[in-house]
Colleague: 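Before I ask anything, here is the structure I am working with.
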Amino acid sequence: MAEVIRMPKMSDTMEEGVIASWLVKEGDKVQSGDILAEVETDKATMELESYEDGVLLHIGPAEKDAVPVNGVIAIIGEEGEDIKDLLKEIESGDSGESSGDDAADDKDSSEESSEEAEESEETEESVDASDVNASIITMPKMSDTMTEGTIASWQKKVGDEVSSGDILAEVETDKATMELEAYEDGTLLYIGVEEGDSVEVDGVLAIVGEKGADYEKLLKARKQKAAKKKEPVSETSSSNGSAAESKPEKKEETSTSRSDSSDSGSNGRIKASPLAKKMAEELGYKLSDIKGSGDNGRIIKRDVEQYTPSAPAEKTAAGESGTTVEIPRVVGEEQYEEVAVSQMRKTIAKRLAESKFSAPHFYLTMEINMDNAIEARKSMNDYSPVKISFNDIVIKGVAAALRQHPEVNASWLGDKIRYNKHVHIGVAVAVDEGLLVPVIRFADNKSLSHISAEVKQLAEKAHSKKLQPSDWEGNTFTVSNLGMFGIEEFTAIINPPDACILAVGGIKQTAVVKDGELVPGNVMKVTLSCDHRVVDGAKGAAFLKTLKSLLENPVRILV
């Protein structure tokens with residue numbers, strides 16, 4: 001009997017998946033465990049396995065199509081099995097869900113529906129792109145919060161031959177900069193988005209196909225299909241459509257204004273990584289003056305760091321004694337640069353604004369004497385296989401304190417509070433585009449050297465944009481440390497879904513009272529930001545008191 005394969009929910013925030021590529025085709029025999037397709041979820045690209053033996057009788061969505069969770073992907077059954085009735089059931093079920101009251105109207109006016117269907121067929125015939133041997137590449141949805149992506153750089157240009165697996169472009173999302181692969185062999189016929197411009201999810205990026213194929217017909221057919229979808233929609237949505245149509249004009253202006261930053265070489269474009277471009281802009285270097293050492297002369301981070309600009313010759317003028325010196329009139333020009341907000345920065349702004357204005361914050365600050373911690377760290381590093389930092393000691397202390405105060409290791413869920421029995425510490429890491437929070441899982445059960453090695457590894461992955469969803473999900477408490485930048489004290493905004501975040505300042509040598517005498521000491525200030533819906537002042541103060549006792553006597557952390 002035929003079995004329907006539906007889109008599984010591959011992550012807690014997933015609402016739909018995009019078919020990145022089909023690895024089988026209709027008529028193929030499949031066995032349980034075979035990979036049917038690659039699916040782009042809100043977190044990563046994952047493989048969809050078959051749990052049935054049989055023949056692939058039907059494939060629903062095409063490559064690059066989005067399918068909602070529990071939506072029909074394919075049907076597997078016995079060879080030659082009749083699935084017409086099953087397909088009718090699926091179609092009627094889908095139309096019932098999507099159409100609502102319109103479905104009833106369609107039943108009462110079946111003649112009108114058939115006429116409209118005939119008219120739509122005639123319209124489609126007016127722009128028939130079935131003979132065009134080419135495929136449209138659209139912007140995939142690479143994360144749960146992504147609504148658009150920015151083309152950081154194109155790795156191919158129009159006319160280049162591409163093979164399946166080649167990197168077409170680097171796309172900046174709200175999480176990281178990812179590589180866009182080609183899933184077809186052919187020639188890059190068309191590029192629809194310039195470097196630095198943004199395009200909405202499912203928007204046209206490029207077209208790959210047979211050399212000389214009429215890709216314009218393909219674009220016209222897509223526009224016609226999009227227009228048909230807008231026809232039955234209200235005037236409000238049609239006005240939105242006109243706004244969307246006017247959007248590319250603005251993008252063209254933006255790309256024109258950016259022509260300065262993308263200095264052109266002999267072929268009109270200089271190859272450089274997004275990070276190298278950003279560094280060059282910040283330092284005021286021209287890319288055309290920097291020699292690239294990467295593949296095909298591509299400019300990378302190392303090239304910018306090693307580049308030394310030639311100093312301009314200084315011109316001085318001195319007047320003879322007793323003569324009048326005419327001061328030339330200096331005419332200046334006010335200049336500024338506007339940079340489009342990155343996807344990561346947009347997400348940070350949205351999430352932290354929601355946290356700040358929805359969670360009632362209050363703050364508790366405490367001074368901790370770090371004299372014993374400094375001595376203990378010296379002793380630990382004599383034996384530790386990796387260098388232990390003060391931040392590692394703070395993370396271990398926080399994990400131990402949370403074990404004694406589980407009410408702080410909690411989350412607000414609206415109609416209930418979740419008290420976590422596990423301790424996952426998020427560690428804020430600053431990267432060029434914003435802030436990432438990789439997670440140290442089960443930190444209370446790990447040694448200081450283990451925590452130190454893991455923090456270094458995650459920080460390196462964050463800076464090289466190689467973090468996986470499992471690296472940043474699941475935090476129950478967050479630590480943000482700015483002490484290494486010379487910051488003595490600050491407050492932090494709670495990182496959802498946590499109820500608290502600890503802001504850690506630098507260690508400062510100051511006068512402290514010890515045994516009734518004023519002596520020099522090393523003091524560190526920490527500030528606990530609390531969500532008052534979950535944690536009250538007394539609970540937060542008790543947590544800080546325990547943390548203070550642990551850090552002032554580090555041996556207690558190990559007990």
Side-chain angles (χ1 to χ4, degrees), residues 366 368-410 419-430 436-464 466-484 492 495 498-507 522-526 528 542-559:
M366 181 173 280
I368 300 174
N369 190 309
M370 297 294 286
D371 287 343
N372 290 336
I374 291 172
E375 292 300 320
R377 177 173 174 263
K378 289 179 182 177
S379 179
M380 290 173 185
N381 280 330
D382 288 339
Y383 294 94
S384 176
V386 292
K387 187 176 180 181
I388 295 170
S389 68
F390 289 111
N391 193 51
D392 301 328
I393 296 173
V394 170
I395 292 170
K396 182 64 177 178
V398 166
L402 287 174
R403 183 56 67 197
Q404 298 182 43
H405 299 274
E407 63 274 9
V408 177
N409 192 38
Y419 294 102
N420 299 294
K421 296 182 179 180
H422 57 279
V423 178
H424 290 352
I425 306 293
V427 183
V429 176
L436 293 173
V437 187
V439 179
I440 307 297
R441 300 179 183 279
F442 307 106
D444 54 325
N445 297 329
K446 293 177 178 177
S447 66
L448 275 166
S449 58
H450 189 157
I451 290 173
S452 178
E454 193 169 342
V455 168
K456 289 178 174 63
Q457 183 185 40
L458 289 172
E460 185 178 340
K461 290 172 70 175
H463 284 101
S464 59
K466 293 181 180 178
L467 285 176
Q468 297 299 311
S470 58
D471 294 327
W472 69 64
E473 294 176 337
N475 49 287
T476 62
F477 189 98
T478 302
V479 173
S480 180
N481 191 338
L482 292 178
M484 66 284 291
N495 178 36
D498 301 346
C500 297
I501 184 172
L502 185 73
V504 183
I507 299 174
N522 295 281
V523 174
M524 180 180 74
K525 286 186 179 181
V526 297
L528 183 69
F543 168 80
L544 282 183
K545 184 178 178 181
T546 300
L547 178 63
K548 177 182 174 73
S549 68
L550 291 170
L551 294 180
E552 290 185 343
N553 299 278
V555 70
R556 296 181 182 179
I557 298 175
L558 308 176
V559 177

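All values reported here derive from a predicted model rather than from experimental measurement. The residues of the chain are indexed from 1 along the displayed sequence.
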Colleague: For residues Asp498 and Asn475, determine if any side-chain heavy atom of one lies less than 4.5 Å from a side-chain heavy atom of the other.
Modeller: yes
Colleague: Lys378 and Ile374: side-chain contact (heavy atoms from CB on, under 4.5 Å), yes or no, with the steps?
Modeller: CA-CA 6 Å; Lys378 289 179 182 177; Ile374 291 172; 4.2 Å; yes
Colleague: Quick one: does Ser379's side chain have a donor or acceptor within less than 3.5 Å of a partner on Ala376's backbone?
Modeller: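 The answer is no, because no donor-acceptor pair under 3.5 Å joins these two groups.
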Colleague: At their closest point, which heavy atom of Lys446 faces which heavy atom of Lys396, and how far apart are they?
Modeller: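 Between these two residues, the closest heavy atoms are O-NZ, 2.7 Å.
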Colleague: Pro438 and Leu467: which non-hydrogen atoms are nearest, and at how many Å?
Modeller: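 Here Pro438 and Leu467 meet closest at CB-CD2, 4.4 Å.
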Colleague: Does any N or O in the side chain of Lys466 come within less than 3.5 Å of the main-chain N or O of Glu460, such that one atom is a donor and the other an acceptor?
Modeller: no
Colleague: Can you find a heavy atom in the side chain of Asn409 that is under 4.5 Å from one in the side chain of His405?
Modeller: no
Colleague: Shortest non-hydrogen contact from Ile388 to Ser449?
Modeller: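 For Ile388 versus Ser449, the nearest heavy atoms are CD1-N, 4.2 Å.
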Colleague: Taking the side chain as C-beta and beyond, is there a heavy-atom pair between Arg556 and Ser549 under 4.5 Å?
Modeller: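 Heavy-atom side-chain distance check passes, below 4.5 Å.
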Colleague: Return the CG to CZ distance between Leu448 and Arg377, rounded to the nearest 0.5 Å.
Modeller: 11.0 Å
Colleague: Do Asn381 and Ser384 get their side chains close enough for a donor-acceptor pair, meaning under 3.5 Å?
Modeller: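 Judged by distance alone, the side chains do not pair up.
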Colleague: Would you mind reporting whether Asp392 and Lys387 have side-chain heavy atoms less than 4.5 Å apart?
Modeller: no
Colleague: Search all heavy atoms of Leu528 against all heavy atoms of Cys500 and return the closest pair with its distance.
Modeller: CD1-CB, 3.9 Å
Colleague: So which atom in Phe442 and which in His424 form the shortest heavy-atom distance, rounded to 0.1 Å?
Modeller: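 Between these two residues, the closest heavy atoms are N-ND1, 3.1 Å.
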Colleague: Could you tell me which non-hydrogen atom of Ala410 sits nearest to which non-hydrogen atom of Tyr419, and how far apart they are?
Modeller: CB-CD2, 3.8 Å
Colleague: Could you give the distance from CE (Met380) to CD1 (Ile393), rounded to the nearest 0.5 Å?
Modeller: 5.5 Å
Colleague: Which residue in the set Val439, Asn420, Ile425 passes side chain to side chain contact (heavy atoms under 4.5 Å, CB included) when paired with Phe477?
Modeller: Ile425
Colleague: Rounded to the nearest 0.5 Å, what separation is found between the CG atom of Leu402 and the CD atom of Gln404?
Modeller: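 Leu402 atom CG to Gln404 atom CD measures 10.0 Å (nearest 0.5 Å).
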Colleague: Would a 4.5 Å heavy-atom cut-off, applied to side chains only, mark Met524 and Val394 as touching?
Modeller: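 Touching, per the 4.5 Å side-chain cut-off.
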Colleague: Yes or no on side-chain contact (heavy atoms from CB on, under 4.5 Å) for Trp472 and Leu458, after CA distance, side-chain angles and deciding distance?
Modeller: CA-CA 9 Å; Trp472 69 64; Leu458 289 172; over 6 Å; no
Colleague: To the nearest 0.5 Å, tell me how far Leu550 CG sits from Lys545 NZ.
Modeller: 12.5 Å
Colleague: Between Leu436 and His463, is the side-chain contact (heavy atoms from CB on, under 4.5 Å) condition met? List the steps.
Modeller: CA-CA 9 Å; Leu436 293 173; His463 284 101; over 6 Å; no
Colleague: Return yes if some donor-acceptor pair links the side-chain N/O of Lys525 with the main-chain N/O of Ile368 below 3.5 Å, else return no.
Modeller: no
Colleague: Nearest 0.5 Å please: distance from the CZ atom of Arg403 over to the NE2 atom of His422.
Modeller: 9.5 Å
Colleague: Walk me through whether Leu551 and Ile557 qualify under side-chain contact (heavy atoms from CB on, under 4.5 Å).
Modeller: CA-CA 8 Å; Leu551 294 180; Ile557 298 175; 4.2 Å; yes
Colleague: Would a distance-only check, ignoring hydrogens and angles, find a side-chain to backbone donor-acceptor pair under 3.5 Å from Asp371 to Asn522?
Modeller: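 Yes: the side chain of Asp371 pairs with the backbone of Asn522.
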Colleague: Are any side-chain N or O atoms of Asn372 and backbone N or O atoms of Glu552, one a donor and one an acceptor, separated by less than 3.5 Å?
Modeller: yes
Colleague: Will you find, in the side chains of Ser452 and Lys456, an N or O donor that is under 3.5 Å from an N or O acceptor?
Modeller: yes
Colleague: Could you tell me whether the side chain of Val427 reaches within less than 4.5 Å of the side chain of Ile395, counting heavy atoms only?
Modeller: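 Contact flag for Ile395/Val427 side chains = yes.
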Colleague: Between Thr478 (side chain) and Ile501 (backbone), is there a donor-acceptor pair under 3.5 Å?
Modeller: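 Not a single qualifying donor-acceptor pair exists.
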